Amino acid sequence: MTMKNVLVVDDSATFRQLLCMGLSRVEVTSHASITEATDGQDALSKVQSGHFDLVLTDIRMPRLDGLEFVRQVRDGLGNRELPIIIISTKGEETDIELGMRIGASGYLTKPISMGRLKELVMTFLGE
Amino acid sequence: LIKRRLQMAQDFDEIMRLFSKSEDLLEMIRKGRAFTEELMCENERLRYRIVQIETEKIDLSDALGKEVDRLQVENVRMCQKLEFLDRRFKEVEAENKDFAQRYVEVEEHNESLANLYVASYRLHSTLDPVEVIECIKEVLINMVGSEEFSVFIVDDETNELMLAGYEGEIARRFEGRRVRFGEGIEGAVAESGKMLLPNGNDPSRDVCVCVPLRIKERVVGVIALYKLLPHKKRLTTLDFKLLELLAGHAATALVSSKLYAQTDRRLRTMEGVMSLLRER
């Protein structure tokens, strides 16, 4: 099994740590290299300069929000293959539809269920 | 004479013809005898075969009877085994369901423990009171799923609650003012030191839960959740557990950071005094 590279984007250090812990409990990402970004801008530059197998991003962030980050990855960088999962406190139907329409591969609402996170991660990174 | 001779010749021919016929008849009789003997032989063989078959039939009937008896016994045994297996299958299925349920519960507990671990780790990783408050806010938003809430700390000198951090419009009303012990739900919780669910976990109404931040019996602050995120219908048992445990860690972290800040301030003052003294 090749080592996966995962990018975790959230302005909350607490939530980033929680996500890292969650990922360490999923088989495919238990030994993954996890990179953290504190906002969309930071994440965008990391996506441009590195290779990632999966991105988990929040929406509400300073400088560049999660939706704009997804849009720029899809349209600006033309990267349509990179799986991006949005994890946000915005959990209304319209929020989820908007996120998916912009180009997110999956959507989870906070507080996250580790089971759902595992399912989604396995969907995109499962062998 | 001629007549007689003719008659004799005719008789001779007749005799010869009759003789020939008798020969044929004799041959036929001989063949008939051989055939009859053959038939009798076959008859004898068949009769022997019938006796043989009847004996075999009796033997087979006995064997068949025994086999039927054996199969009936086997059938009863298999029925009992099937019943046992059916019962065992149901038991295993029930056990399986029980294990699945326990697995879900263990997963939930794991999740809760992971949340608590991260929350306590973050809370105790700083000695800056502002960062502690920020961390409590992050936990309330990301782990509990609260949209609007307030975090109060107790002013030891006046014994009043001061707003230290908040999210949303409902908590804004406390900005710039203090809450006395016993005043409102927040004050009542600070006074009693007990968690309060004023609306019975109904997130559609204000204040869905109010938790005291306690170190042993001393209340050092209060967390009040006014509104949950729209997609979160109500607080679960695990949320309450997390809140309870979080309250303990948050209280310790708040007091530690406050003490550290006070000590740091005193140290700086003393250093200032010392440097003044040295200059003189």
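Everything quoted here is computed from the prediction, not taken from an experiment.
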| request: May I have the step-by-step check of side chain to side chain contact (heavy atoms under 4.5 Å, CB included) for A:Met114 and B:Asn110, ending in yes or no? | output: CA-CA 9 Å; A:Met114 287 298 167; B:Asn110 271 347; over 6 Å; no
| Residues B:Glu107 and A:Arg25 bridged, charged N to O under 4.0 Å | yes
| field | Polar side-chain atom of B:Glu138 near backbone of A:Thr14 as donor-acceptor pair, under 3.5 Å | value | yes
| message | Between A:Asp11, A:Thr89, A:Asp58, who has the most heavy-atom pairs with chain B when the cutoff is under 4.5 Å? | response | A:Thr89
Mark yes when over 12 heavy atoms from residues, nucleotides or ligands other than [X] sit less than 6.0 Å from its [atom1]; otherwise mark no.
X: B:Arg268; atom1: CZ; result: no
X: B:Tyr121; atom1: OH; result: no
X: A:Lys46; atom1: NZ; result: yes

If you take all heavy atoms of [X] and [Y], which pair is closest and at what distance?
X: A:Ala13; Y: B:Arg122; result: CB-NH2, 3.2 Å
X: B:Pro230; Y: A:Glu92; result: CB-OE2, 2.7 Å
X: A:Pro111; Y: B:Gly145; result: CD-CA, 3.6 Å

| So what's closer than 4.5 Å to chain A heavy atoms on B:Asp239: side chain, backbone, both or neither? | neither
| Side chain, backbone, both or neither: which part of B:Val144 has an atom under 4.5 Å from a heavy atom of chain A? | backbone
| remark: Whatever's closer than 4.5 Å to a heavy atom in chain B on A:Ile112 counts as backbone
| said: Would B:Asn142 and A:Leu18 count as a side chain to side chain contact (heavy atoms under 4.5 Å, CB included) here? Give the steps. | reply: CA-CA 9 Å; B:Asn142 296 310; A:Leu18 186 69; 5.9 Å; no
| task | Select, from B:Glu134, B:Lys137, B:Met143, the one with the greatest count of heavy-atom pairs under 4.5 Å involving chain A. | result | B:Met143
| Taking the side chain as C-beta and beyond, is there a heavy-atom pair between A:Asp95 and B:His231 under 4.5 Å? | no
